[in-house]
Amino acid sequence: MASTKGTPRMSAEERLEQILDVAVRLIGEKGYNGFSLQDVATEIGVSQTAVIHRILNKQNLLMLVLQRYYDNSGAAHDYLKQFQPGGAREGDKPRIPEVMQVVVDQNSKQPELVRLFEMLNTEAMSPDHPAHDYFVQRTKKISGEYYDTDWLVPDGVDGHLVYMLAYAAMYGLEGRWLANPEIDYPAEWQRYADYLFPSPTWDGYR
């Protein structure tokens, strides 16, 4: 059991944030199946019982991580809010190249969270993984977001197909970037975008 001597006192919310931050890093490094609640407790300097008191169990910790970092915020969500009533761009239509760019800009600044997502997304291909249903539904949600949004796309272009291809390309590039941090992720994405949204077809729609 880890010693709690000298561990600073924290509020319940501060302790939960600390647990989630450590879990993000450990899952990104080891995967969900490769880390334990004891690993989290040891990193923080508290007992495993103290961690369980905050998060109940390992599977609940995973769901808390996903909810905190992927469900309740994000660049795409903030981008689309601009076009809603009262938003800064009310009356205009959102653009697929723009939303992809803001996601790339956000993710390029948070490699640890991207690594977490990539690790979980790969592990969750197994139906037995506790996040399997989450990622299945997330893919459906991304597809549904296209149909729920009045996008500005060129005439004759299958916007839904381009939208899903762009997301797939972005995830693939993220994997390359994590494996080789020397890659300039935003610059490389711009090369992808030039092919996904070529001139002159997409001029005025970016």
Side-chain angles (χ1 to χ4, degrees), residues 17 20-32 34-35 43 62 65-83 87-89 92-125 131 134-135 138-143 145-146 149 151-154 157-206:
E17 288 288 343
L20 293 178
D21 287 345
V22 171
V24 165
R25 182 173 58 77
L26 291 177
I27 296 172
E29 291 174 355
K30 302 180 179 182
Y32 174 78
F35 90 105
E43 288 275 342
L62 175 62
V65 166
L66 291 172
Q67 291 166 7
R68 182 66 59 94
Y69 293 105
Y70 295 114
D71 288 350
N72 299 326
S73 63
H77 174 75
D78 293 342
Y79 172 79
L80 292 175
K81 280 179 63 177
Q82 299 178 84
F83 302 90
R89 298 175 67 177
D92 195 3
K93 291 184 179 182
R95 294 156 169 79
I96 296 173
E98 276 190 344
V99 74
M100 295 299 167
Q101 186 63 57
V102 298
V103 172
V104 168
D105 290 343
Q106 172 186 260
N107 287 350
S108 68
K109 297 178 177 67
Q110 52 185 29
E112 198 163 85
L113 290 180
V114 177
R115 184 175 293 106
L116 168 74
F117 179 88
E118 292 275 353
M119 178 69 77
L120 287 177
N121 195 27
T122 300
E123 287 187 330
M125 291 179 185
Y134 174 89
F135 280 96
R138 190 175 190 279
T139 299
K140 292 180 179 178
K141 179 182 177 182
I142 290 173
S143 180
E145 281 178 348
Y146 178 83
T149 302
W151 298 95
L152 183 68
V153 296
V157 169
D158 185 339
H160 179 257
L161 178 60
V162 172
Y163 186 73
M164 298 306 293
L165 284 173
Y167 262 102
M170 183 175 64
Y171 292 150
L173 176 55
E174 284 175 352
R176 288 182 53 216
W177 169 56
L178 292 173
N180 180 12
E182 292 185 3
I183 291 175
D184 186 331
Y185 179 20
E188 189 71 357
W189 171 254
Q190 189 55 61
R191 294 180 60 224
Y192 281 36
D194 289 343
Y195 280 91
L196 288 164
F197 315 111
S199 294
T201 303
W202 283 85
D203 291 351
Y205 297 87
R206 294 189 180 86

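If you're wondering where the values come from, they're calculated on a predicted model, not measured in any experiment. Just so you know, residue 1 is the first one in the sequence shown, and it goes up from there.
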*Asks:* Locate the shortest heavy-atom distance separating V153 from G159; write the atom from each residue and the value.
*Replies:*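 What the structure gives for the nearest pair is CG1-CA, 4.3 Å.
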*Asks:* Testing the basics here: between G204 and L152, what is the closest heavy-atom pair and its distance to 0.1 Å?
*Replies:*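 Closest pair (atom of G204, atom of L152, distance): O-CD2, 3.9 Å.
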*Asks:* Are any of the side-chain heavy atoms of W177 and V114 separated by less than 4.5 Å?
*Replies:*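 Yes, close enough: below the 4.5 Å cut-off.
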*Asks:* What distance separates D194 CG from W202 CH2, expressed to the nearest 0.5 Å?
*Replies:*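 The CH2 atom of W202 is 13.0 Å from CG of D194, to the nearest 0.5 Å.
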*Asks:* Considering all heavy atoms of both residues, which atom of G31 and which atom of E123 are nearest to each other, and what is their separation?
*Replies:*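 Scanning both residues, the minimum pair turns out to be CA-OE2, 3.3 Å.
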*Asks:* Please name the pair of heavy atoms, one in R25 and one in E43, separated by the smallest distance, quoted to 0.1 Å.
*Replies:*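 Smallest interatomic distance, heavy atoms only, reads NH2-OE1, 2.5 Å.
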*Asks:* With sequence neighbours excluded, give me every salt bridge (Lys or Arg N to Asp or Glu O under 4.0 Å) pair touching residues 179-192.
*Replies:*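 Listed once each, the pairs are R176-E188, E188-R191.
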*Asks:* With rounding to the nearest 0.5 Å, note down the distance linking CD1 in I96 to CG in L196.
*Replies:*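 The distance works out to 10.0 Å.
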*Asks:* Quick one: are T149 and P94 in side-chain contact, heavy atoms under 4.5 Å?
*Replies:*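 The answer is yes, as the side chains (C-beta and beyond) meet within the 4.5 Å cut-off.
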*Asks:* Tell me every residue that passes ring pair (Phe, Tyr, Trp, His ring centres under 6.0 Å) with Y192, counting only those two or more places apart in sequence or in another chain.
*Replies:*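 Partners of Y192 under the ring pair (Phe, Tyr, Trp, His ring centres under 6.0 Å) test: none.
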*Asks:* Between R206 and S199, what is the shortest heavy-atom contact and its length?
*Replies:*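 Minimum heavy-atom separation between R206 and S199: NH2-OG, 3.1 Å.
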*Asks:* Kindly write out the residues that satisfy salt bridge (charged side-chain N to carboxylate O under 4.0 Å, His left out) with D92, not counting sequence neighbours, or none if the list is empty.
*Replies:*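 D92 satisfies salt bridge (charged side-chain N to carboxylate O under 4.0 Å, His left out) with R89, R95 only.
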*Asks:* Could you check D78 against V102 for side-chain contact (heavy atoms from CB on, under 4.5 Å), going step by step and ending with a plain yes or no?
*Replies:* CA-CA 9 Å; D78 293 342; V102 298; over 6 Å; no
*Asks:* How far does CD of E98 sit from CH2 of W151, to the nearest 0.5 angstrom?
*Replies:*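 Reported value, rounded in 0.5 Å steps: 9.5 Å.
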*Asks:* With side chains defined as the heavy atoms from C-beta onward, is the minimum distance between Q190 and Q101 less than 4.5 Å?
*Replies:*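 Yes, side chains in contact.
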*Asks:* Atom OH in Y171, atom CG in N121: separation rounded to 0.5 Å?
*Replies:*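 The CG atom of N121 is 7.5 Å from OH of Y171, to the nearest 0.5 Å.
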*Asks:* To the closest 0.5 Å, what do you measure between CG (D105) and CH2 (W189)?
*Replies:*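 It comes to 11.0 Å.
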*Asks:* Identify the heavy atoms of R115 and L178 that sit nearest to each other, and give their distance.
*Replies:*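 So the minimum-distance heavy-atom pair works out to CA-CD1, 3.6 Å.
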*Asks:* Got a second to check how far N107's CG is from Q110's CD, nearest 0.5 Å?
*Replies:*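 These two atoms lie 5.0 Å from each other.
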*Asks:* side-chain contact (heavy atoms from CB on, under 4.5 Å) between V162 and F197: does it pass, once the steps are laid out?
*Replies:* CA-CA 8 Å; V162 172; F197 315 111; 3.4 Å; yes
